[in-house]
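My structure is below; once you've seen it, I'll send some questions.
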Amino acid sequence: MKCSKDTYILGIESSCDETAASVVKNGREILSNVVLSQIDIHRLYGGVVPEIASRNHVEAVDKVVKMALDEAGVALTDIDAVAVTYGAGLVGALLVGVSYAKGLCQASGLPLIAVNHIEGHICANYLTFPNLQPPFTCLLTSGGHTAIVNVLDYDKYDVICSTVDDAVGEAFDKVARVLGLPYPGGPQIDKLAKQGQAVYKFHSVVTSNGNFSYSGLKTAVINLVHNAQQKGEELNKADIAASFTVAAIDGLLMRLKDVVKTNGYDTVAVAGGVGANSYLRERLTELQEQGKQVCLPKLSLCGDNAAMIASRGYYMYLKNQFATLNLNANPTLKLRGEKPK
Ligand code: KG4
Ligand code: ZN
């Protein structure tokens with residue numbers, strides 16, 4: 001039974017290959033979190049096919065929203081607002097969630113909230129750590145973003161450094177592909193790396209001005225594999241996975257430690273799909289040894305989900321930050337303060 005002072009937000013997420021809906025109470029408590037993944041479909045093509053993603057979102061979105069309401073044990077009349085991801089992501093995929101949310105708000109009279117997907121990833125930490133509050137330093141590591149950000153308030157960010165080309169997750173996926181591993185590559189590399197040794201040394205992913213660059217690392221791995229293939233040499237894939245992982249993650253950790261020491265906070269959080277990486281999670285304990293509080297979102301909240309969107313929506317609801325029914329998708333939406341690549 002909903003108490004009158006509680007706020008229930010229905011979150012909807014369809015930016016890539018997951019159709020998700022969730023009901024979150026007061027921004028912190030997950031009442032339901034339904035994620036319908038299309039991974040099995042896209043795996044056949046070695047990556048996300050945008051057109052197929054959009055069609056599958058269209059087929060799934062209504063069902064997923066109904067499941068989220070049912071699992072939460074609430075009716076639409078218990079919901080206070082609908083929060084939907086409007087960027088960044090695949091435009092056709094985003095439009096499915098945005099159009100559905102607009103229709104739902106038009107029909108029900110509920111307010112609409114437009115959520116930035118990356119801000120949503122940061123909020124996965126509020127769902128895992130109910131007492132966490134800004135300010136804190138956050139390592140953003142997803143398929144589309146790589147940055148270190150000081151989260152000054154629920155909607156105020158100071159982007160300290162970011163990638164100048166590929167995102168770390170993108171590099172994991174591309175390296176996995178060249179090693180012949182199935183999509184999505186990140187979890188596959190994670191598994192394989194545990195069986196190998198980091199025998200190959202790659203250049204640092206940290207640039208001279210303290211940003212990140214992943215395209216050089218990706219090319220170095222591709223060249224290593226292609227050169228071996230041309231010479232008919234057999235390479236140990238597990239060693240390549242381990243070497244790539246160390247290079248990809250150590251640079252992030254090095255910069256994170258610098259930032260925390262110079263202009264960061266005592267609490268350090270992680271956000272985005274690569275936050276599920278076991279080597280990254282293990283190495284982050286080094287910050288704990290230095291007296292920092294390290295927040296690692298639950299594995300189920302690292303990847304795309306709608307609970308994080310509903311959580312972000314709650315903090316926008318508190319500030320009356322509502323969207324109109326003219327809302328459009330924005331495939332290249334940045335985090336406020338983030339410089340364009
Ligand atoms: O945050 P996310 O779910 O979607 C975006 O907003 O981009 O991140 C997806 C990325 C993919 O590149 C995927 O390969 C990577 O996160 N990923 C991982 C792991 N699990 C997912 N990368 C490394 N290790 C993992 N365990
Ligand atoms: Zn994401």
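Everything numeric in this text was worked out from a predicted model, so none of it was measured. Any value given below was found using the heavy atoms of this structure, including those in side chains, with hydrogens, waters and symmetry copies removed. Numbering of residues begins at 1 and proceeds along the displayed sequence. Atoms within a ligand are numbered from 1 in the order they appear, just like the ligands themselves.
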**Study point:** Ionic contact status for K257 with E286, cut-off 4.0 Å
**Key:**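 K257 and E286: salt-bridged.
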Review point. Taking only residues two or more places apart in sequence, or in another chain, which ones meet A307 in a side-chain contact (heavy atoms from CB on, under 4.5 Å)?
Key: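 Applying side-chain contact (heavy atoms from CB on, under 4.5 Å) to A307 gives S22, V24, I30, N33, L127, L301, N305.
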Check your understanding: Can you list, by chain and residue number, every protein residue with a non-hydrogen atom closer than 4.0 Å to ligand 1?
Key ->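 Under the 4.0 Å cut-off, ligand 1 touches H117, H121, S142, G143, G144, G169, F172, D173, G186, P187, D190, G272, G273, V274, A276, N277, G303, D304.
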Point to revise | Test: D62 and K66 ion pair at under 4.0 Å | key: yes
Review point. What is the total of protein N/O/S atoms that are closer to the Zn ion (ligand 2) than 2.8 Å?
Key: 3
**Study point:** Plane angle bin for Y214 and F212 - parallel if under 30°, tilted between 30 and 60°, otherwise perpendicular
**Key:** tilted
Practice item. Just say parallel, tilted or perpendicular for the rings of Y315 and Y154, cut-offs at 30° and 60°. Key: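 Taking Y154 first and then Y315, their aromatic rings lie parallel (interplane angle under 30°).
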**Study point:** salt bridge (Lys or Arg N to Asp or Glu O under 4.0 Å) partners of D80, counting only residues at least two apart
**Key:**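 By the salt bridge (Lys or Arg N to Asp or Glu O under 4.0 Å) rule, D80 matches K2.
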Check your understanding: Is any side-chain N of the basic residue among D258 and R255 closer than 4.0 Å to the acidic one's carboxylate O?
Key -> yes
Point to revise | Verdict with reasoning, V23 to E71, per side chain to side chain contact (heavy atoms under 4.5 Å, CB included) | key: CA-CA 9 Å; V23 179; E71 282 183 24; over 6 Å; no
Point to revise | Charged N-O contact under 4.0 Å between E59 and R55 | key: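 No, E59 and R55 are not salt-bridged.
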